[in-house]
Structures are given as structure tokens and as C-alpha cells.
**Student:** 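The structure under discussion is supplied below as C-alpha cells; questions concerning it will follow.
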Amino acid sequence: MTEILILSGKGKTGRRVAAQLDARGVPYRPASRSSAQRFDWYDESTWADAVRGTTTAYLAPPVGPTGLAQAGKFVQQADGLRRLVLLSGRGVGSPGRDFAVYDGQLELESVVQASGLEWTIVQPAWFAQGFSEDFLRYDVLAGQIRLSAGNGGEAWIDTDDVGDVMTTALLDESYAGQVLAISGPRVLTMTDIAGELTAATGRPIEYVDLDPETHVAELRAQGLPPEDAEAVRDLFTVIRNHRSEYVSDGVERVLGRPARDFTDWARAAAKTGVW
């Protein structure tokens with residue numbers, strides 16, 4: 001078996017796919033700006049070397065319209081690939097998602113589907129690990145989750161479940177040509193999330209509902225580029241508009257077990273000392 005290429009191999013999902021392939025003894029090649037196999041979405045001269053010698057790839061695209069467009073260009077130029085598993089977003093192409101970031105995701109999905117490759121597209125809900133491995137961790141530590149999600153809900157998913165689904169899709173070609181929507185087992189508002197994290201950590205954590213433009217300003221103040229800050233705002237606007245309040249059964253269909261509940265995830269995360 002040739003190595004499976006993992007693009008963004010040090011990201012939240014890429015690390016988990018790598019660990020699962022490692023456990024199965026499947027050879028893989030992580031590729032990123034800091035990997036032994038260098039790969040940069042914005043440096044097209046790195047693309048051909050990353051692909052050379054492999055026929056299967058896992059693609060986790062960068063955030064924002066420009067990054068999604070670059071990922072589409074990569075797919076069109078990826079000579080030698082036969083199979084591709086794409087990380088996308090739940091609800092891409094659905095009504096109520098008329099933002100540049102969703103347009104970019106829909107365009108990327110269309111490019112993948114028209115590429116002539118064997119493809120699988122996995123569309124997860126928001127990752128629970130955003131509160132422990134990403135910028136929201138600092139909100140939890142500060143005791144205030146500051147987002148523009150209003151009182152809308154989302155079926156937050158454990159990223160370990162995402163990695164398990166991705167690995168299965170990479171190794172089982174019966175999922176070729178399928179779009180797999182996956183989520184956690186229940187919908188939670190940000191107020192619910194704050195309550196869950198309060199219970200898990202033993203410290204008071206509140207949700208502060210921001211106006212969307214205030215949210216952008218705070219993200220910019222934290223160092224996010226304008227395009228990325230606006231993309232995050234748009235993603236949370238979908239929650240704010242109550243467009244994510246549903247459960248997807250892809251985890252159970254693919255893995256034959258229920259998705260992990262947020263409560264169980266939060267308790268386990270708290271025991272690691274991350275907060």
C-alpha cells in the first residue's frame with residue numbers, strides 16, 4: 001500500500017487520522033509547512049512533491065474563502081491521486097448559509113465531485129475540541145465564552161469521532177461518492193455549553209452573546225486577519241439564525257456506535273488539566 005497523504009497533518013483532524021492509521025499499521029505521509037514533507041497551501045511549488053508517490057489523500061482545507069479557493073486549485077492539479085477524502089462543513093449548500101465561507105466550501109465540494117477522483121466528503125458539525133484545543137479554550141479559562149451565536153444551537157461533535165469517520169472513509173472504498181454529515185447526539189446552545197463546562201471544570205463559566213460586528217472586532221484584536229475573522233463570524237451567524245439545530249446520524253452509520261455526548265467529552269477533557 002502506498003502512503004496516504006494527510007494534508008494539514010498537524011491539525012485537529014489530521015493528527016487524529018494519523019493516530020488511527022498508525023494504530024492500524026497503515027503508512028501515511030503528513031504534509032504541512034512544518035512537516036518533513038513540506039506543504040503550503042499558498043506556495044504552489046510545494047504541491048507536486050507532496051503528492052508524488054501516493055494515490056490517496058485526506059484534505060483538511062484552510063479557513064476562509066482564499067484558502068478554500070487554493071484547496072480547489074490543488075485538487076485540480078493533483079496529478080497521480082486516485083482517491084480523496086475531504087473535510088467540509090455540515091449544511092454546505094443549504095438555505096440560510098449565504099456567506100462567502102459557505103460559498104467557498106460549496107465550490108470546493110463541487111470541484112472535488114467534478115475532479116474525476118474517487119471522493120468522499122465528510123461534513124461535521126462544530127468540534128467540541130474548539131473549547132480545549134483552539135481559540136475558545138482561552139474563553140473557557142477566562143470564564144467567559146464570547147461569541148455571536150445568539151441563542152441558537154449546534155450538535156457539537158467530538159473530534160475523535162470525526163477522525164474515526166475520516167479514517168474509515170479513507171480505508172473503505174465503499175464510501176466513495178458519498179457525502180457523510182456527522183454530528184454529536186444532541187443540540188446544545190452556547191448557554192447549555194457554558195453550563196456543561198461549568199459542571200466539568202467546577203468553575204463558573206458564562207456565555208456572553210456578542211453582536212456579530214463586535215465579534216469580528218474582538219477576533220481582529222486577537223490577531224486574526226480580517227478575512228478569517230469575518231469567516232468565523234459567518235459560521236456563528238448560521239448558529240445564530242437557528243440553521244444548525246438538528247442531529248446527523250453519520251457517526252452511527254459509519255462506525256456502528258453512537259456519537260460521543262458533549263457531557264462525556266467535557267468531563268474527560270477536564271481530567272486532562274487542559275482548563
Side-chain angles (χ1 to χ4, degrees), residues 1-14 16-18 20-21 26-33 35 37-94 97-124 162-182 231 248 250 253-254:
M1 176 183 288
T2 61
E3 292 178 320
I4 292 176
L5 177 64
I6 305 178
L7 298 175
S8 301
K10 295 189 176 182
K12 279 193 292 296
T13 58
R16 288 168 167 84
V17 171
Q20 288 293 332
L21 294 176
V26 176
Y28 63 90
R29 181 192 310 164
S32 68
R33 283 179 293 183
S35 297
Q37 176 64 66
R38 187 170 179 274
F39 180 87
D40 187 336
W41 289 111
Y42 304 98
D43 181 357
E44 296 179 23
S45 69
T46 66
W47 294 0
D49 283 346
V51 173
R52 190 171 290 114
T54 187
T55 59
T56 302
Y58 170 58
L59 193 163
V63 173
T66 300
L68 292 166
Q70 285 297 103
K73 288 180 67 177
F74 167 81
V75 172
Q76 293 171 324
Q77 297 177 27
D79 293 337
L81 281 187
R82 182 180 63 81
R83 174 139 177 74
L84 180 70
V85 175
L86 172 69
L87 172 69
S88 188
R90 200 169 65 130
V92 169
S94 300
R97 288 167 166 80
D98 52 344
F99 302 107
V101 63
Y102 279 100
D103 290 343
Q105 287 178 323
L106 179 60
E107 177 63 25
L108 177 55
E109 288 192 4
S110 298
V111 168
V112 167
Q113 291 169 332
S115 66
L117 300 172
E118 292 180 7
W119 55 265
T120 304
I121 296 171
V122 181
Q123 298 178 328
V162 179
D164 290 350
V165 169
M166 294 295 187
T167 305
T168 300
L170 282 165
L171 299 178
D172 186 344
E173 295 189 5
S174 69
Y175 291 103
Q178 294 191 39
V179 177
L180 304 172
I182 59 176
S248 300
R253 285 196 296 112
V254 174

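This structure is a prediction, so every number in the text was calculated from the model and none was measured. For the single chain, residues carry numbers from 1 onward in sequence order.
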**Student:** Once you round to the nearest 0.5 Å, how far does CD1 of I6 lie from OG1 of T167?
**Tutor:**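 The distance works out to 7.5 Å.
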**Student:** Can you tell me if CZ on R38 sees more than 12 non-hydrogen neighbours from other groups inside 6.0 Å?
**Tutor:**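 Enclosed: over 12 neighbouring heavy atoms sit under 6.0 Å from CZ of R38.
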**Student:** Within the structure provided, determine whether D40 and S45 are in side-chain contact (heavy-atom separation under 4.5 Å).
**Tutor:**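 Not touching, per the 4.5 Å side-chain cut-off.
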**Student:** Kindly determine whether V111 and Q76 satisfy side chain to side chain contact (heavy atoms under 4.5 Å, CB included), including the steps that lead there.
**Tutor:** CA-CA 7 Å; V111 168; Q76 293 171 324; 3.7 Å; yes
**Student:** Quick check: closest heavy atoms across A57 and L170, and the distance to 0.1 Å?
**Tutor:**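 So the minimum-distance heavy-atom pair works out to O-CD2, 3.8 Å.
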**Student:** Please give me the minimum heavy-atom distance between P61 and L86, naming the atom from each residue.
**Tutor:**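 In this case the closest contact between P61 and L86 is CD-CD1, 4.2 Å.
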**Student:** Shortest non-hydrogen contact from P30 to Q37?
**Tutor:**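 So the two residues come closest at O-CB, 3.6 Å.
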**Student:** We want to know whether D164 and Q20 form a side-chain donor-acceptor pair, criterion being a heavy-atom distance below 3.5 angstrom.
**Tutor:**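 Their side chains do contain a donor-acceptor pair, which is all the 3.5 Å distance test asks for.
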**Student:** Just by distance, do the side chain of S8 and the backbone of A60 share a donor-acceptor pair under 3.5 Å?
**Tutor:**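 Here the side-chain-to-backbone pair exists.
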**Student:** Check whether any side-chain heavy atom of R33 lies under 4.5 Å from a side-chain heavy atom of D43, and answer yes or no.
**Tutor:**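 No, every pair of side-chain atoms sits at 4.5 Å or beyond.
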**Student:** If I compare all heavy atoms of T56 with all of T54, which pair ends up nearest, and what's the gap?
**Tutor:**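 Answer, listing the atom of T56 first, then T54: O-OG1, 3.3 Å.
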**Student:** Hey, could you give me the CD/CG distance between Q70 and L108, rounded to the nearest 0.5 Å?
**Tutor:**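 The distance works out to 11.5 Å.
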**Student:** Is it the case that the side chain of R29 and the backbone of A50 share a donor-acceptor pair, with hydrogens and angles ignored and the cut-off at 3.5 Å?
**Tutor:**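 Between the backbone of A50 and the side chain of R29 there is a qualifying donor-acceptor contact (under 3.5 Å).
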**Student:** Just so I know, are the side chains of V179 and W119 near enough to count as touching, which here means a heavy-atom distance under 4.5 Å?
**Tutor:**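 Yes, their side chains come closer than 4.5 Å.
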**Student:** State whether the side chain of Q105 and the backbone N or O of V92 hold a donor-acceptor pair below 3.5 Å, judged by distance alone.
**Tutor:**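 No, the answer is negative, given that no donor and acceptor are paired below the 3.5 Å cut-off.
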**Student:** Report the C-alpha separation of V17 and Y28 in whole Å, then their side-chain angles, then the decisive distance to 0.1 Å, and conclude whether the side chain to side chain contact (heavy atoms under 4.5 Å, CB included) test is met.
**Tutor:** CA-CA 10 Å; V17 171; Y28 63 90; over 6 Å; no
**Student:** Which value, rounded to the nearest 0.5 Å, describes the distance between E118 atom CD and T55 atom OG1?
**Tutor:**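 E118 atom CD to T55 atom OG1 measures 9.5 Å (nearest 0.5 Å).
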**Student:** Given 3.5 Å as the limit, does a donor-acceptor pair link the side chain of T120 with the main chain of V85, or not?
**Tutor:**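 Answer holds: no.
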**Student:** Indicate whether any N or O donor in one side chain lies under 3.5 Å from an N or O acceptor in the other, for S248 and R90.
**Tutor:**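 Note: S248 and R90 side chains meet the donor-acceptor criterion.
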**Student:** Does the plane of the ring in F39 sit parallel, tilted or perpendicular to the ring in W47? Use 30° and 60° as the thresholds.
**Tutor:**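 If you compare the ring of F39 with that of W47, the planes turn out parallel.
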**Student:** With the side chain counted from C-beta on, respond yes when L87 and M166 share a heavy-atom pair under 4.5 Å apart, and no when they do not.
**Tutor:**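 Of all side-chain heavy-atom pairs linking M166 with L87, at least one is under 4.5 Å.
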**Student:** If you look at every heavy atom in K12 and R16, which pair is closest and at what distance?
**Tutor:**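 Heavy atoms of K12 and R16 come nearest at O-NH1, 2.9 Å.
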**Student:** Evaluate the criterion side chain to side chain contact (heavy atoms under 4.5 Å, CB included) for residue pair Q77 and V51; output intermediate values, then yes/no.
**Tutor:** CA-CA 10 Å; Q77 297 177 27; V51 173; over 6 Å; no
**Student:** Does the distance from a Lys or Arg side-chain N to an Asp or Glu carboxylate O, for E173 and R83, drop under 4.0 Å?
**Tutor:**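 Salt bridge flag = no for R83 with E173.
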**Student:** Kindly compute the distance separating CD (E3) from CG (L21), expressed to the nearest 0.5 Å.
**Tutor:**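 Separation between the atoms: 11.0 Å.
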**Student:** I need the minimum non-hydrogen distance between E109 and S88, along with the two atoms involved.
**Tutor:**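 The answer is OE2-OG, 2.6 Å.
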**Student:** Check whether any side-chain heavy atom of F74 sits under 4.5 Å from a side-chain heavy atom of L7, and report yes or no.
**Tutor:**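 Heavy-atom side-chain distance check passes, below 4.5 Å.
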